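What follows is a short report on a single structure.
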Amino acid sequence: MKGCSSRREQDLSAIALRSILFGYLILLIILPLGHIFGEAFREGWSGFWQSLQKAEALFTLKFTFALALFTAIVNAIAGTLTAYVLVRFPVKGKTILNALVDLPFAIPTAVSGLMLLLLYGPQSPLGSWLGDRGIDIIYAIPGIVLAMIFVTFPFSIRSVQPLLLEMGQDKEEAAKTLGASSWQTFQKVTLPMLWPGILSGFSLTFSRALAEFGSVIIVAGNIPLQTQVASVYIYGEVESFNMVGAASVSVVLLILSFTLLYAQNRWLARKRRGDR
Amino acid sequence: MKGCSSRREQDLSAIALRSILFGYLILLIILPLGHIFGEAFREGWSGFWQSLQKAEALFTLKFTFALALFTAIVNAIAGTLTAYVLVRFPVKGKTILNALVDLPFAIPTAVSGLMLLLLYGPQSPLGSWLGDRGIDIIYAIPGIVLAMIFVTFPFSIRSVQPLLLEMGQDKEEAAKTLGASSWQTFQKVTLPMLWPGILSGFSLTFSRALAEFGSVIIVAGNIPLQTQVASVYIYGEVESFNMVGAASVSVVLLILSFTLLYAQNRWLARKRRGDR
Amino acid sequence: MSIEVKNLIKNFHNTEVLKNITFQIEEEEMTAFLGPSGSGKTTLLRIIAGLEQPSAGEIYIGGERVDHLPPQRRGIGFVFQNYALFKHMTVFDNIAFGLKIRKRKNEIIGCKVFELLEKMALQGLENRYPHQLSGGQQQRVALARALASEPKLLLLDEPFAAVDAKLRKELRQWIVKLHEEMKLTSIFVTHDQQEALEVADRVAVFNQGKLEHFGTPREIYHRPATPFVASFVGDVNYYQTKIKGGYADVGPIQIKAYRLVEGSDVEVVIRPEDVRIEPYHDRADLKAQVKQTTFLGDFFKVEMVLTGDKTITATVSKEQGWVIQPQDWVSLRILSTKLFTKERTPALELFHQRRPVEELAKTADASL
Amino acid sequence: MSIEVKNLIKNFHNTEVLKNITFQIEEEEMTAFLGPSGSGKTTLLRIIAGLEQPSAGEIYIGGERVDHLPPQRRGIGFVFQNYALFKHMTVFDNIAFGLKIRKRKNEIIGCKVFELLEKMALQGLENRYPHQLSGGQQQRVALARALASEPKLLLLDEPFAAVDAKLRKELRQWIVKLHEEMKLTSIFVTHDQQEALEVADRVAVFNQGKLEHFGTPREIYHRPATPFVASFVGDVNYYQTKIKGGYADVGPIQIKAYRLVEGSDVEVVIRPEDVRIEPYHDRADLKAQVKQTTFLGDFFKVEMVLTGDKTITATVSKEQGWVIQPQDWVSLRILSTKLFTKERTPALELFHQRRPVEELAKTADASL
């Protein structure tokens, strides 16, 4: 009987802690999240729909989606190769490279934008040289893509690297003793085991690129129907006090991000269950 | 002799791969980084110094630093407790909580700002209720802090959680069999082992809060000497084509971020060497 | 302190991890919980320590019921499998932890810790951190830490599993010595039958959550309660057969079986060292042909085929092993056999426990 | 295929991991690399497989020099300690991997894989993934995968380390059977002397990067080249002493030492099973008092103190063990001793290798 009461106490403190935790999360996350959906649908479904049918809104969503997808693909490939080289090859200066990889996360996004603006802008030698050849980077699509690639650079590497470290070399060595060449080993043994990391890096990169604001607004400006990405559009709508318009585009971005996050978690959980 | 030549080939391909990797990193990271330092010091040390002596620049740096520090402290405490509850207590709905924790990373920062604006803004019931009692959140310091806490919320939790999972319960159980109460166990055994995670979460939170742009510009607007954080200041300077001013404040932010990152890495590396 | 466990049951996710365990351990004895992985032995140790809650049953330490008490108040010392040393504390602080919690005076703590450091041959290492120690040293620190608060009962979870073979031997002797010197009651968990036989005063053999046998090493080895115990604590020749004409019928080996129903299933266990190989002579009851001999250091293993195709293995001294060659015909003498019925009755178990140790029948020693 | 290793050296970060290793393995033999962890045995196996590069020396497989060849072209099968199965492939695809790489026809692959599945008792598991298999099954898949391409040489890195005691025995027998059926040459690494003695035709004993002894299990056990080998492949009584008056002086035990310089250091090793315990009688050369007896299942360990305070351990049969009690005085007869000089000369080693197996001198068998 006494045993029961001591268990009871534990349960009570667990309930108290859970309540505090839930309360904190509700105030901080759930409540604001609910509110933005409320705002988007304040004028009902049709109001939401009309906001999205505006040419600028439609453009910005398609535009941002396409560029984010492109960024995610580029970084998935470059990031996987970089991680592989960092982990498996006896590269000198590995420590420095490893530190460099994380730099973009340590740089404020506004500063990242400024860095690209200064390097590729029309005032800089590189920018004007490119401009003379008809290649505009700043205030154009290449600049946005560069900014997106820059700020999301570490995601893919850091998703793939731990898998490579964890899996060790024994599976690759096994493939070699079975006669596989280096390329066959990479393709048939290493790569399939890296998929979870690559996909997770891909979806992190994609949703971050979808959301990028600071660097893009500085690099690409705010030209509707030309270089206006979704975050910048939302900011513009807020400035002109069109809250329903801002909230509607926000809701679309949120749904995209959450779906991706959810799909990835599900997929990883299934994968993990399978692996153990 | 043949053995030597096959080793030579490996070395060559390693060199080639390293060159490509270094090239990519230089174009993407080193070159832009160097350029921004060049811009900040284009008018020499005095130009850099003068830009920083401007009242608005000085204010924005101190202001951002103070708020970021406050945010990091709040999240280090709340995050550690949350992680502890999530890992060690038999909390129902753990999966949902765990997913909720990551939400702020999946929400575009501009949307985060909009969410807070809609919930606490003067048009909302909660905002006007608070406003009647003289508590202004939006366009004021509480709003900025809320935004910073919101966007950096997952860092501390996700830094502490893996340490808790990895250390297992045996050390805590050992403390208990030696007579320690739950609180003594947490304080003398668990907490000291969590320091690396707490510090790493702290510095991630701090440097991210220092850099925050999207959510703050929407929540706090752009009022010099009142609510203007550093990223917003940089954006303003770029808009008014004062590149040296923008670059100077950027350089200060960069140096702060890098120093923190470097100190943390050094500390963790020393710690890790000690632990193994 | 004596320990008593009564009708203990542990359910976990609807499976019975421990099934109605009852036994009693006398003061100053060293007991081994022996069994394969997943047999429930570690769970039982953790329940005794208070680190897990039983689903039903009673536990008494020194006559006092403890199953409602938290681990802090059971007066036990626990040595974890991976030592669970506090990585951020020096050896001194690790050992002193329990004493500091109890707010002992600094002089007393220092005195006690240095006494233990000396006892454990850890002098001079007090300012090291755990990662600077070898595996054996880490384990001795874990032991010292558990002993510092002078527990009534010492529990050790697979204390020898994480160290290599040579070191393991030293540690065993170490712990036996310590156990005797400090007059402790102790329990350790192991999956190594050699270890259990060598170190423990009493052995509890677990299988799939059931306590199959609880007894001294000699009882466990010579009069195992079940075929599982017989095969787990030593090598065996194992045969399944039926009672025919009052005998358990293992081809040429016929074992007199009293009081067993004709035609009922029996299991027969013969230890390889109870099979004597003798020069071949025509009139011998048992003849076999040697299939293979294997040199095992201080003895030989000889695999043979009996007339009628049953195989049997014997172990013999190296002097004899060297002269036996594959294809040789030999005569066999079986010194001792063990008989088990599938549906064991309590009567059989009682009988097993009452038999004298020295009994070694010529052909059939176990029978019902 | 025969294997020859000549003057092999491996340096790693300025330390010699392998020191001038030379030996030869005959066709169809099974060899064990035995030694404590860090003795270099696994490194040597990996160098033979081509997974690591030697710093100097030559390796021949079947007469062909291979040290410049990558692992793909050495015609070996390698079984990794943790199996290294491809987690994302089914059992079938794992086993077929090497054949697919070699672009064999699908029918041939299928035929070969199913043949191996049957041989390895893995029928019906071909569509499972590695995580759905038990440890023993995983290891058999790893074996089948290594054997599919019909290697000339099979290398196994601690093949029995990751499975529990009972399963280990089965796997050993399995591998021995396979080795014989498939007429393979194979090498396996182990730190368990029992395993090496039981399974291998020849044993190479490593210590700190040196090959201390290479020979059959009987040679290793009975005529160990060094004290290290003696103590690693069995229990020993070990004494350090000097030559006095033509005898190695171990208190009451005096061992005739020919050709050794008066006063030089010698090490004496006596195996516990070479110590016979006899009833006490006054005129016996050796008398001892029993300190402790330990029951070890099929035999007893008896620890004794000789006159003059040296301790000695004997193992005796259980029949004898039961009647020996602590404090008893007994007489001892020592059947065999081994003598080692600190600075071993080649002459001594040669002598060791030339001695006949059966030689069992009454008091001193090893001497120089």
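Because the structure is predicted, anything quoted here is derived from the model rather than measured. These numbers come from the heavy atoms of this one structure, side chains and all, not from hydrogens, waters or symmetry mates. By convention in this document, chain letters (A, B, ...) are assigned in the order of the sequence lines, proteins followed by strands, and residues within each chain are numbered from 1.
- In this structure, chain A has a heavy atom under 4.5 Å from the side chain of B:Ser124, while its backbone stays farther away.
- Residues from residues 228-238 of chain A that place a non-hydrogen atom less than 4.5 Å from a non-hydrogen atom of chain B comprise A:Ser231, A:Ile234, A:Tyr235, A:Val238, given in numerical order.
- When each of A:Ser182, A:Gly38, A:Ala106 is checked for heavy-atom pairs under 4.5 Å with chain B, A:Ala106 comes out on top.
- Here CE of A:Met243 is found 6.0 Å from CG of B:Leu118. Values are rounded to the nearest 0.5 Å.
- For B:Ile36 against A:Met115, the heavy-atom pair with the smallest separation is CD1-CG, 3.5 Å.
- For B:Leu254, the part sitting under 4.5 Å from any heavy atom of chain A is the side chain, from C-beta outward, and nothing else.
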Next item on the list: Please assess A:Ile107 against B:Phe258 for the test side chain to side chain contact (heavy atoms under 4.5 Å, CB included), listing each intermediate value before the final yes or no.
Entry: CA-CA 8 Å; A:Ile107 300 174; B:Phe258 290 177; 4.0 Å; yes

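- The shortest heavy-atom contact between B:Pro32 and A:Leu116 is CG-CD2, 4.4 Å.
- For chain A, the nearby part of B:Gln123 is the side chain; its heavy atoms alone come within less than 4.5 Å.
- Applying a 4.5 Å heavy-atom cutoff, the residues of residues 203-216 of chain B that approach chain A are B:Ala211, B:Phe213, B:Gly214.
- For chain B, the option among A:Leu81, A:Leu261, A:Thr82 with the highest count of heavy-atom pairs below 4.5 Å is A:Thr82.
- Ranked by heavy-atom pairs under 4.5 Å with chain B, the first of A:Leu114, A:Leu117, A:Leu31, A:Ile20 is A:Leu114.
- Looking at B:Leu253, only its side chain comes within 4.5 Å of chain A, counting heavy atoms on both sides.
- Residue B:Tyr120 touches chain A through its side chain alone, counting heavy-atom pairs closer than 4.5 Å.
- No part of B:Tyr262 comes within reach of chain A, as not one of its non-hydrogen atoms sits under 4.5 angstrom from that chain.
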